[in-house]
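Here the structure is laid out as structure tokens; the discussion comes afterwards.
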Number of protein chains: 2
Amino acid sequence: MAKRVTGPEIEKLIQLLAKVPGLGPRSARRAALHLVKKKEQLLGPLAEAMGEAHRKVRLCSCCGNVDTIDPCTVCTDERRDQSVIIVVEDVADLWALERAGAMNAAYHVLGGTLSPLDGIGPDDLNIKNLVDRVARGGVRELIIAVNATVEGQTTAHYITDQLEGMEVKITRLAHGVPVGGELDYLDEGTLTAALRARTTI
Amino acid sequence: MAKRVTGPEIEKLIQLLAKVPGLGPRSARRAALHLVKKKEQLLGPLAEAMGEAHRKVRLCSCCGNVDTIDPCTVCTDERRDQSVIIVVEDVADLWALERAGAMNAAYHVLGGTLSPLDGIGPDDLNIKNLVDRVARGGVRELIIAVNATVEGQTTAHYITDQLEGMEVKITRLAHGVPVGGELDYLDEGTLTAALRARTTI
């Protein structure tokens, strides 16, 4: 804007909102205006919720999940089978798997994948904690649910190597045709994997 | 989510973020996770900016603009020609016209348009204030820049009626082909208006 038409506080709110993923400079302005109009119903509560999250949020020292308590809601959930650990790259993956609701297990968030080109080595990830967790015993199975990328698979191999000799079953997610997917649009690698892992009807 | 995987504070943050225009339930979750990861750089400052806006924001008692001071930045700007008032429906329209930067005028925000079907009458809009503002004198021109909808035009007519007999020139935005627009995609009304208002090259 050439000239200022509103106070610096609102300009600053727009600038910060534009950094939220999903919002750009234009939609940040629209969002700010909406928030200001819904001052009592939305802006106030949101400001408070953000302040609360800012003060309380922390990473779980056991699994790396994001929560306001440590150990987190998942690690302290006694109804979960804590002897099965699903290893994921990111908290978003943990949430995605929980939405599927297929397993009643514990988790371990790596916080990324090994990527020598980006300078990310084993010490930058939450791997040592995972090895210690398995070494302490009581873990029956480790399901490595990293992305099916080169970095993901490298990380899976590295973790398997680190756990060599320990009493734990290590599994990975199945490759295959996505449910609802059309063969025509799938790549050769996926089709080959789906054929190899075919099951009897 | 079937079972809780994170603290209630973060769940609440996600719920509130989903109400921000431009974000849905899914992107709100992604946004919340990003905010939590950028705790110090983004979540903290945004919480503070929202709190600040919540405490300070108000509508300008003169023109209806959103600001933290009253009268607002636009009304108190001495470099603007305060004798020309652009009448808009919404603060968003004020901001859009300022981005164009074509005029150096004052504004008046109606806060909507007359819409009997929705039960919005003249008393629900910021019209009386506008009439008073013109009646106090010093206003040379009123540019009615409402949307080119039936409600917008009805509102424009109503305002013109209310100002009958006052010493003020009332104008409206030109209708025509949008700059960069293709004739093929335009409706008949716009094309007719553009032909009628044709200018010599």
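Residue numbers begin at 1 in each chain, while the letters A, B, ... track the order of the sequences.
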Interface moiety of [X] toward chain A, non-hydrogen atoms closer than 4.5 Å:
{"X": "B:Lys19", "value": "both"}
{"X": "B:Lys37", "value": "side chain"}
{"X": "B:Asp77", "value": "side chain"}
{"X": "B:Leu17", "value": "both"}
{"X": "B:Arg26", "value": "side chain"}

At a heavy-atom distance under 4.5 Å, which candidate from [options] has the highest pair count against chain B?
{"options": "A:Ser27, A:Gly44, A:Gly51, A:Gly22", "value": "A:Gly44"}
{"options": "A:Val91, A:Leu23, A:Ile69, A:Thr73", "value": "A:Thr73"}
{"options": "A:Gln15, A:His34, A:Lys38", "value": "A:His34"}

- prompt: So, does A:Lys39 use its side chain to make a donor-acceptor pair with the main chain of B:Val57 at under 3.5 Å?
  reply: yes

Nearest 0.5 Å, what's the [atom1]-[atom2] distance between [X] and [Y]?
{"X": "B:Thr6", "Y": "A:Asn65", "atom1": "OG1", "atom2": "CG", "answer": "5.5 Å"}
{"X": "A:Glu9", "Y": "B:Thr68", "atom1": "CD", "atom2": "OG1", "answer": "3.5 Å"}
{"X": "B:Trp95", "Y": "A:Ile14", "atom1": "CH2", "atom2": "CD1", "answer": "4.0 Å"}
{"X": "A:Leu43", "Y": "B:Glu52", "atom1": "CG", "atom2": "CD", "answer": "11.5 Å"}

Can you tell me which of [options] forms the most heavy-atom pairs within a distance under 4.5 Å of chain A?
{"options": "B:Pro8, B:Ala49, B:Pro21", "answer": "B:Pro21"}
{"options": "B:Lys56, B:Arg30, B:Met50", "answer": "B:Met50"}
{"options": "B:Val66, B:Val74, B:Leu94", "answer": "B:Val66"}

field: Heavy atoms from other residues, nucleotides or ligands near CD of A:Glu48 exceed 12 (cutoff 6.0 Å)
entry: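 Open.
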
task: Could you check if a side-chain atom of B:Leu33 sits within less than 4.5 angstrom of a side-chain atom of A:Asp90, using non-hydrogen atoms only?
output: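 They are in contact (side-chain heavy atoms under 4.5 Å apart), so the answer is yes.
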
query: Is A:Glu40 close to B:His54 at the side-chain level, that is, under 4.5 Å between some pair of heavy atoms?
result: yes

message: Using the rule given for side-chain contact (heavy atoms from CB on, under 4.5 Å), can you reason through B:Val20 versus A:Leu46, listing the C-alpha separation, both sets of side-chain angles and the distance that settles it, and then say yes or no?
response: CA-CA 10 Å; B:Val20 174; A:Leu46 194 52; 3.9 Å; yes

- prompt: Which bit of A:Leu13 is near chain B, if near means a heavy-atom gap under 4.5 Å: side chain, backbone, both or neither?
  reply: both

- line: Whatever's closer than 4.5 Å to a heavy atom in chain B on A:Leu35 counts as side chain

message: For a quick test of reading the model, state the closest non-hydrogen atom pair linking B:Leu42 to A:Leu16 and the distance between them.
response: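 Heavy atoms of B:Leu42 and A:Leu16 come nearest at CD1-O, 3.8 Å.
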
